Engineer: 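One structure follows; several queries about it will come next.
To find a chain, count down the sequence lines: A is the first, B the second, and so on, and within it residues start at 1. What you see is a predicted model, and the numbers here were worked out from it, not measured in a lab.
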There are 2 protein chains.
Amino acid sequence: MAASAGVSIAAASFALRDKPGVSPETRDRVLAVARELNYTVNVPARSLRTARYGAVGLYLPPGSTRLPYYTEFAFGVVDAADRLGLSVILLPHRGPGDASAPTAFVDGYVVVDATTEDAGIRAILDTGRPVVSGEHMVGGDDRVSASVVSDHASAMTRLLDHLSDAGARRIGAVLPPEGTAWSHDIARAYDAWIAGRGGLPISRRIAFVPTTDEVADAVTDVLATEYVDALVVVPSGSAAPALDAVARAGRRIGDDLLLAAYVDEPMHALLAPSVTSFDLEPRDFGAACVALLAEVWDADGLDDRVRVTQPRLVVRASTTRVRPT
Amino acid sequence: MAASAGVSIAAASFALRDKPGVSPETRDRVLAVARELNYTVNVPARSLRTARYGAVGLYLPPGSTRLPYYTEFAFGVVDAADRLGLSVILLPHRGPGDASAPTAFVDGYVVVDATTEDAGIRAILDTGRPVVSGEHMVGGDDRVSASVVSDHASAMTRLLDHLSDAGARRIGAVLPPEGTAWSHDIARAYDAWIAGRGGLPISRRIAFVPTTDEVADAVTDVLATEYVDALVVVPSGSAAPALDAVARAGRRIGDDLLLAAYVDEPMHALLAPSVTSFDLEPRDFGAACVALLAEVWDADGLDDRVRVTQPRLVVRASTTRVRPT
DNA sequence: CGCGGCAGTACCGGATGTTAT
DNA sequence: AATAACATCCGGTACTGCCGC
């Protein structure tokens, strides 16, 4: 390598990683030659010696791959890793039977919305390498090194406050099924907020990724149960069908009903009316996971193993009154 | 490694890769010991010697990351690679200024919907390693080793035939802008089909990922220009707003108008009426790219450098007449 | 003497500890 | 004391050559 074109061989190694033990002029010469030959360290060769692979494994939840959220998250991870000089290996999903480790040669893993039900997740935990989870892992496992979580409880509370500020008195909700940490948090926050005001919850649970009809039925049902003047629809993709069902029920958004979704989707800005929801900022979220993983590497015992992020409420027309009360 | 627990050292290497030159019984013993110690080859160490890295770089188009299509594609690549024992490195996007290679240590790249405009793509081509592109690269480059392409021309023709079979006489189209190979193919196929029947095209071009209003305006415009009894809306996400605009124009789908989208989206099955479109089968498409890359590795001179796949037309209610003509 | 089966060993490219200057 | 040269090692792969039949 540059050593031949330069001077020594081990000296070059020192120069390139600018460690002490080499004269400034030698270092400069080495760096110059290295740049000229556009030399790149051979990562595999280095990892042979250092047992560091310069790579992080990324495990996205199987099945949910159609939600744009995860793609954004993935690129948040990739870009943050890139800035640290790391590669991201996108890990394959494992069927229930196949517990082989998705990939061995990484320095750590980032997983998101994980469950211990998942054989792939278990295989990852079994490697013993650092694992950072985005959102709490359902069924928790103390082998998770650290987590970045959104404060869904506080977010839901803020959303309900926002609706209340806009004049809502009776707020209904269409919720996802229990089974993930965040749906649990949201449901609890809703119940608590309602209870705190001496009210009774008016909610329905539908699927995680519901069909149009399922959403429509739930919305219609909630609207028919009791008079509500605001509605929060949480499951992904339910904003559009909810708007539809609301119109068919003869209610008018911004007039006698406010509507908010939960997870923001590009479509929400395009609907008529546009729909209020939370930007979970998946890119930043992914980047935060990588940053936390890097901290885990640096510090052995991380005292605060959980980082909390606050979803950003994007207020749009659907929660704005046309005529002030 | 197992050599110590077994017998030799180089023999083990042969046994593990079942190469000739080792007796069946020795091989069995080695394999047994390997399994017992759950030994895994150290990929970096091997690549030091072989200059093969067991990894493929995946480059998704920057910006389009919100389309579920690409996520599906990515997992098609990952799963196919996994079956070949390869890892997939998700490559970061590069700004216009930064032409550094996204990652050096891969055996080849899979890119999709690429343009030579993209600095990241150029950096990938500059590595000199095999590159398989999903869809033709815009601005073509002969350093692309091979491509898997959808036959959009034939697909569009089939769609128009389908509409014609369902009784359509005048078919309008809302098209994406020129600038990608496939939008070009689709537009040409539309014009050709119309011309072949002695008609005149009735089309509008809107953005690649249009806003609701943009779609509505274009649809309204086409419907107002001239009497059309069928409409194809190509850009992603335009089905729902198109249905809306159609209703506002006083036309009834399945009655006096047929509507088809182009790229299938999960939502199309959920809309009312459900919308006909092409399933591009992105998972299979991604898998095909990996398969082709593997062929490029095996065979030096690949004679047919292009694989063609046929999109699958998913006929739904929006192109079915309620009352037969 | 030819040949299959296997042990011995140089080498891949860089990191690091040791010795020499 | 600072710097440079050298030796070793990381874990495999792929030669060469020895051995016995």
Engineer: Under 3.5 Å between N/O atoms: give me all the protein pairs with nucleotides 3-6 of chain C, atom names plus distance.
Structural biologist:
residue	atom	partner	partner atom	Å
C:dC6	OP1	B:Ser23	OG	3.1
C:dC6	OP1	B:Thr26	OG1	2.6
C:dC6	OP2	B:Ser23	N	2.5
C:dC6	OP2	B:Ser23	OG	3.3

Engineer: Looking only at heavy atoms, which two atoms of A:His136 and A:Val306 are closest? And how far apart?
Structural biologist: CE1-CG2, 4.2 Å
Engineer: Below 30° counts as parallel, above 60° as perpendicular, anything between as tilted: where do the rings of A:His93 and A:Tyr59 land?
Structural biologist: perpendicular
Engineer: So, is the end of the A:Arg35 side chain (NZ or CZ) under 6.0 Å from the ring centre of A:Tyr39 and within 45° of the ring's axis?
Structural biologist: no
Engineer: Between A:Arg122 and A:Thr116 (side chain of the first, backbone of the second, donor and acceptor by atom type, cut-off under 3.5 Å), is there such a pair?
Structural biologist: yes
Engineer: Can you name the atoms? Protein N/O to nucleotides 18-21 of chain C N/O, anything below 3.5 Å, with the distance.
Structural biologist:
none

Engineer: Go through residues 40-53 of chain B and report each residue with a non-hydrogen atom lying under 4.0 Å from DNA chain C, sorted by number.
Structural biologist: B:Leu48, B:Arg49
Engineer: Distance alone, cut at 3.5 Å: any donor-acceptor contact between the side chains of A:Ser150 and A:Glu135?
Structural biologist: yes
Engineer: Quick test of your reading: applying salt bridge (Lys or Arg N to Asp or Glu O under 4.0 Å), list the pairs with at least one residue in residues 76-89 of chain B, sequence neighbours left out, ordered by first then second residue.
Structural biologist: A:Arg94-B:Asp82, B:Asp79-B:Arg283
Engineer: Over how many whole Å does the gap from A:Phe14 atom CZ to D:dT3 atom P extend?
Structural biologist: 12 Å
Engineer: A:Leu16 has an atom CG; how far is it from atom C1' of C:dG13, in whole Å?
Structural biologist: 12 Å
Engineer: I'd like to know if the side chain of A:Thr127 reaches the main chain of A:Arg129, judged simply by a donor and an acceptor atom lying under 3.5 Å from each other, with no hydrogens or angles considered.
Structural biologist: yes
Engineer: Under the salt bridge (Lys or Arg N to Asp or Glu O under 4.0 Å) criterion, do B:Glu295 and B:Arg307 qualify, and how do the steps go?
Structural biologist: CA-CA 12 Å; B:Glu295 280 187 50; B:Arg307 289 276 193 290; 2.6 Å; yes
Engineer: Between side-chain atoms of residues 104-112 of chain A and protein atoms elsewhere (two or more places apart, or another chain), which donor-acceptor pairs fall under 3.5 Å?
Structural biologist:
residue	atom	partner	partner atom	Å
A:Asp107	OD1	A:Tyr53	N	2.7
A:Asp107	OD2	A:Tyr53	N	3.1
A:Asp107	OD2	A:Gly54	N	2.7
A:Asp107	OD2	A:Ala55	N	3.4
A:Tyr109	OH	A:Thr103	O	2.5

Engineer: Got a sec, which residues hit salt bridge (Lys or Arg N to Asp or Glu O under 4.0 Å) with A:Asp126, two or more places apart in sequence or on another chain?
Structural biologist: A:Arg143
Engineer: It should be established whether A:Ser13 places a side-chain nitrogen or oxygen under 4.0 Å from OP1 or OP2 of nucleotide C:dA15.
Structural biologist: yes
